[in-house]
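Note on naming: letters A, B, ... go to the chains in the order of the sequence lines (proteins, then strands), and numbering restarts at 1 for each one.
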Amino acid sequence: MNDFWNDLVSNPAITEALWPALGETLQMVGLAGLATVLFGLPLGVVLFVTQPGGLAANRTVNVLLGGVLVNITRSIPYAILMVSLIPFTRWIVGTSIGPIAASVSLTIASVPFFARLVETSLREVHPGKVDAAHAMGSTRAQTVTKVLVPEALPSLVASITTTVVALIGYSAMAGLIGGGGLGRLAYNYGYQRFQPEVMLVVLVILVALVQLVQLVGDAVVRRVDHR
Amino acid sequence: MITVTDLKKVYRQPNREIRALDGVTLSVPADSVHGVIGQSGAGKSTLVRAIALLDRPTSGTVEINGVDLTAVRSAPLRKARRRLGLVFQQANLFDSRTIAGNVAYPLELAGLGGAERAAKAQELLGLVGLGDSGAAYPAQLSGGQRQRVGIARALATDPDVLLCDEPTSALDPATTGEILDLIAALKARLGLAVLIITHEMSVVKRICDSVSLLEAGRLVESGPLVEVVGRFGSRLSELLLALPPTPEPDSAAGVTVEVLDAVSAGAVPALATVGRQFGVDLPVLAGTVESLGGVAFHRQRVLVPSALAVDEVLAALRRHGAQAGRTASGAEAAA
């Protein structure tokens with residue numbers, strides 16, 4: 001037991017590599033999270049409004065984006081997706097190594113996931129509110145930006161929380177093929193060199209991180225929820 | 001003034017057509033309330049959605065002060081819509097906005113500045129008796145208060161017409177009365193043409209000047225309230241002066257007849273006069289008295305004992321100003 005404590009405080013993987021690794025993980029999750037909301041929110045809105053009977057019903061667009069793009073991306077396991085995206089990542093950011101490069105595949109994996117959550121959130125808005133918006137003379141764009149999205153905001157924030165938590169999980173995997181971060185630290189030292197103290201510390205940090213994200217997310221939901 | 005002319009809504013399905021609205025024509029002048037009564041499935045929702053252009057009607061026109069809403073689309077339609085305020089059954093307020101923010105929404109669309117919006121919203125909330133609640137959120141209000149906000153919001157763009165879709169169906173009787181009185185007061189104050197679609201007879205009795213009966217997408221009866229109620233044997237008269245079912249009397253005991261009597265203040269009902277004339281108390285099986293437009297409408301189901309000649313009793317009732325006839329079962333018994 002004493003040995004374990006000694007390792008814990010003296011292992012350079014913990015004393016020196018831990019903080020940079022955490023920084024890389026935060027960078028990956030932050031970048032990918034931001035990009036996911038940026039692309040996923042509009043995609044989710046488009047999926048919602050183009051569905052049959054929607055505000056801007058369009059079967060072709062709906063099937064192409066929902067049935068083809070989103071469903072196919074979502075059916076590819078992330079481990080396979082991130083490897084197969086290496087050439088694309090290299091083309092976009094010039095390298096396939098590092099947290100920024102890892103954000104590319106993380107974003108591509110989580111955008112369709114988040115877009116579906118957005119679509120579901122918008123579906124929960126009572127259709128009578130959309131009728132009211134129309135009856136008062138809103139354009140379709142106004143109906144989306146002034147009514148649908150604000151009315152779905154608590155649910156949208158909860159979806160962002162869920163997505164960020166999923167991203168933390170994916171980021172550990174992305175670390176294995178050059179993304180860096182806590183995932184790689186745990187794999188290299190905890191698994192390959194069999195240093196259980198490293199594994200334990202990484203686990204504790206990941207659990208704390210997820211708890212924190214969930215806590216903040218829930219607090220924001222309570223703040224914006226007036227229902 | 002709103003005029004709806006030959007409004008039709010046809011849903012085409014692979015092997016048949018559903019005529020949800022089959023040529024509805026009605027007109028509501030300014031400063032009056034028209035009620036459209038219909039049971040579920042009659043086409044009430046379709047009618048509201050077609051008049052408000054939430055669903056485009058298959059044919060027919062909806063004119064507000066001479067401007068045909070069905071003839072315009074996109075921007076001109078959105079502008080023309082401001083002349084029509086829509087009140088929903090569930091109020092359909094935006095939960096993410098405060099009460100004042102809800103009322104200000106149509107003003108925001110109309111392009112008013114922040115200060116102007118706030119002032120107008122406050123004025124409208126005062127009009128519906130919620131002047132102190134502007135900062136609250138809809139979830140903090142009762143159903144009746146929410147509907148008041150819905151009405152204030154519908155009035156934000158100073159419309160000429162208020163279209164109310166089951167405005168009180170989600171409310172308890174006391175609140176229903178308050179909301180109807182509010183609508184009546186606003187109508188008088190703002191000179192609104194109010195069109196109320198409902199299944200509640202009490203709504204019609206309380207505030208409507210005229211009424212129509214919607215059945216299978218058609219207006220089967222229509223007219224000023226007093227006239228329609230006074231039309232003996234009409235569906236609306238029977239719905240508005242509803243009688244409870246009574247057991248079939250023994251045919252040996254006599255024949256049942258129905259009497260409809262419009263009794264002005266201070267006058268004696270024909271039934272009382274005729275009873276005295278024949279020297280018998282005619283047993284009333286069921287009866288209702290409803291005061292509408294200053295006239296007390298008496299509708300009674302009466303047993304004429306077999307000792308009396310039914311036709312003579314009916315003739316006497318008619319002589320004294322009542323309308324009377326055998327009920328369906330009474331007529332059968334006589335045949």
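In terms of the side-chain contact (heavy atoms from CB on, under 4.5 Å) criterion, residue partners of N71(A) (sequence neighbours excluded) are, by chain and number, R116(A).
Open room surrounds CZ on F39(A); 12 or fewer heavy atoms of other groups in view lie less than 6.0 Å from it.
Summarising the geometry, atom CZ belonging to F94(B) is positioned 10.5 Å from atom NZ belonging to K146(A); distances are rounded to the nearest 0.5 Å. For the atom pair CD of Q90(B) and NE2 of H126(A), the computed distance is 6.0 Å after rounding to the nearest 0.5 Å.
Contacts of H134(A) with chain B are made by both backbone and side-chain atoms, with heavy-atom separations under 4.5 Å. Of the two parts of Q89(B), neither the backbone nor the side chain holds a non-hydrogen atom closer than 4.5 Å to a non-hydrogen atom of chain A. The part of L93(B) that comes within reach of chain A is its backbone (N, CA, C, O), which places non-hydrogen atoms under 4.5 angstrom from that chain. Both the backbone and the side chain of A133(A) come within contact range of chain B, with heavy atoms under 4.5 Å apart. Of the atoms belonging to F88(B), it is side-chain heavy atoms, and not backbone ones, that fall under 4.5 Å from chain A.
Across every non-hydrogen atom of K129(A) and D95(B), the tightest pair is NZ-OD2, 2.7 Å.
The backbone N or O of G128(A) lies less than 3.5 Å from a partner atom in the side chain of N92(B), making a donor-acceptor pair.
The existence of a salt bridge linking R97(B) and E151(A) is excluded, since no basic side-chain nitrogen approaches an acidic carboxylate oxygen closer than 4.0 Å.
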